[in-house]
Structure formats: structure tokens, C-alpha cells
Amino acid sequence: MSDTSTLTHRAEAGEQQPRHRQEIAIRCEDVCKIFHEPIKGSRSLKNFFLGKNREIKAVDHVSFHVYRREVFGLLGPNGSGKSTLIRLLSTLLYPDSGTLTIFGHDVIKEQQAVRRLINRVSVEAAFFKKLSSLENLRYAARLYGMSPHEGQEKALAILNRLGMKPDKALTSLENLSRGMQQKVAIARALMTSPTLVLLDEPTTGLDPKSKRDVQEYVEEVMSSHDATIILTTHDMDEAERLCDRIAIIDNGKIVALDTAAELRRQVGADSLEEVFFQLTGKSWEDVQADEMD
Ligand code: ADP
Ligand code: MG
């Protein structure tokens, strides 16, 4: 597992300059998060709190770091611990052990500083669905401490960039496509900068066209913003397309971490699916299907 290879694939593709790697955005060292679940069939709540429960190691001794302006992918099947890691990064959960810092700030000791630097967008972006995109963005701007005037300007600029016509910008958000809602959510997360944007399965459940749209938007954001992005997905093509480096997670552990090209090269595989199989002995299709049961 290598954490030091250069960010090659974007540069090779001539899409943009390789991101400079001096500044570390996230430092995650030996982090663990354990959940407790009642033992199947157990009826006693008292027993649960007495410790008679099953431990789930959602994040199991995970270490990695992410550079500023990098798109870092967390690729794993359902239940592998991706969202738990995102929640730890966004201070919604505390690690049980290990250390986690965001731009040098500890997620436990300097929670407020961390919260000012991060933004999370999950599968179901949280909005006031009866309000319009414009109103939602203006509201967010006020939360981020902007003046009403600055908020309005910023919101209009974002909607303009998303190519949203006035009638769409003024309609309730619930009337927009889910793809467009996701784009508004990502744009909202980028209202402050420099930012660490946590995209938790931003394209899951979208139709192929909306999915492509959102992916293109993420690419556009990366070329125009001073943002660092963590993106979770169980879509291998998406990880390969968008991410500078990919951490493959299985059962709460990182089993590999590198650029997609390097991961394939290291195990002599043609696809990330095969990389996963070689490293875990499990087929991606089977793991995904198991989780759906
Ligand atoms: P992913 O996002 O990769 O699908 P999650 O991080 O949501 O995975 O979950 C990892 C594991 O932790 C799963 O086994 C899940 O059931 C468990 N888990 C997640 N959140 C909780 C919770 N609040 N309480 C108990 N178990 C949880
Ligand atoms: Mg998840």
C-alpha cells in the first residue's frame, strides 16, 4: 500500500496540473469506531447495556492522509464503513481511538474549527424542500456568516453557473430533479473556502444521465475551486473517473490505497473489481448482493 505515488492520472490525461502535495488536509492515524448491536434474539435491554452485545468494527485501525485539492475516493461495498468515516470526519461521531485532524485541527479538541472548514453532502441532501434553490442558498449563506447582500450575490452566481433558469431557481426544490438537487447541494457546500467537502455517495440512486451530470459537476468544481473532496462510492467507474487516489475499504479496513492505475498495476489486474477480488478474495458483485439481502 503506497501513499506517496504522484497524482498521475489527471495530469496524464492533460485535464489539469497535478495538485501540489505539500499541504495535508486530513491526517487519519489508526482510527477505530466500534458500534454495539443487540445479539440476535436477545430481548433484554439491560443485558445490552451490561455489555452483552455484538461489536461491529465499523472503522478498524484506519490510517491515511489526504492532500489539499485532492479528490480522495473511499470505495467499498455497502456496510464497509464509508459513511462512518465521513461522520467521523464531519465531527458527527467521535473516534474511539486514534487521531484525526483536518487542516491541523483535531476533530475532538477543536470541533468548532473543524466544522468551519468542512461540509457534508449525503445521498439525500438536507434542504428545505418547500423553499426554492435561491432561498436555500441564501439561507446557507446567512448561516455561514455572510451579509444578506453577499448571500444573494453568491447564490445568484452559483445558480447562474449551474445554468438554472429563473423559473427553476424560484420553484420549490422538491420540484427539481434529484441530479439538480445534488448539484445545488454540492454548490452550497462550496460557499465557503478553502473547504473540505465530504460527498457521501453523491450519485447513488440517480439515473445514468443525472449521474453523469453530477460527476461532470464535481470535475468542474475541482478545476475552479480551492476544495479538497472526499467522495464515497460503491461505483468503481465513478471512483476511477473522479478520484486522484482511491482507498478501497472492506469490513472497516483499508485494503489498498493508491491511484486507480497504480492499484491495477500492483496486482496486475485489468479492473478495480479484480483488484478488490485479489485483495479480499471476495467478488464485488457477491458482496454488493449480500448486503442487499
Ligand atoms: P457504508 O457507508 O460503507 O455502507 P456504514 O459506515 O454505514 O457503511 O456502516 C458500517 C457498519 O457499521 C455496518 O455494519 C453498519 O450496520 C454499522 N453501523 C453504522 N452506523 C451504525 C450505528 N449508528 N449503530 C450501529 N451500527 C452502525
Ligand atoms: Mg454509506
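Whatever order the structure lists them in is the order used to number ligands and atoms, beginning at 1.
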Exercise. After noting the C-alpha distance and the side-chain angles of Gln182 and Ser210, does the key distance pass the side-chain contact (heavy atoms from CB on, under 4.5 Å) rule?
Worked result: CA-CA 9 Å; Gln182 279 302 76; Ser210 308; over 6 Å; no

Exercise. Counting only protein N/O/S, how many atoms fall short of 2.8 Å from the Mg ion (ligand 2)?
Worked result: 1

For this session: Mind checking side chain to side chain donor-acceptor pair (under 3.5 Å) for Tyr139 and listing every partner two or more places apart, or none if nothing turns up?
Result: none

Exercise. Side chains of Glu174 and Phe127: closer than 4.5 Å at any heavy-atom pair?
Worked result: no

For this session: Check the surroundings of atom CZ in Arg27: do more than 12 heavy atoms from other residues, nucleotides or ligands lie under 6.0 Å from it?
Result: no

Problem set entry | Contact summary for Ala25 and Thr228, nearest pair of heavy atoms | CB-CG2, 3.9 Å

For this session: Would you please test Ile26 and Phe72 for side-chain contact (heavy atoms from CB on, under 4.5 Å) and show each step?
Result: CA-CA 10 Å; Ile26 298 174; Phe72 188 88; over 6 Å; no

Exercise. Is the cationic atom of Arg245 (NZ for Lys, CZ for Arg) positioned less than 6.0 Å from the six-membered ring centroid of Phe64 and within 45 degrees of its normal?
Worked result: no

Exercise. Excluding sequence neighbours, so at least two apart, what forms salt bridge (Lys or Arg N to Asp or Glu O under 4.0 Å) with Asp106?
Worked result: none

Problem set entry | Within the 4.0 Å heavy-atom sphere of ligand 1, strictly under, residues | Phe35, Ile56, Ala58, Pro77, Asn78, Gly79, Ser80, Gly81, Lys82, Ser83, Thr84

Exercise. Regarding Arg115 and Thr91, is there a side-chain donor-to-acceptor distance under 3.5 Å anywhere?
Worked result: yes

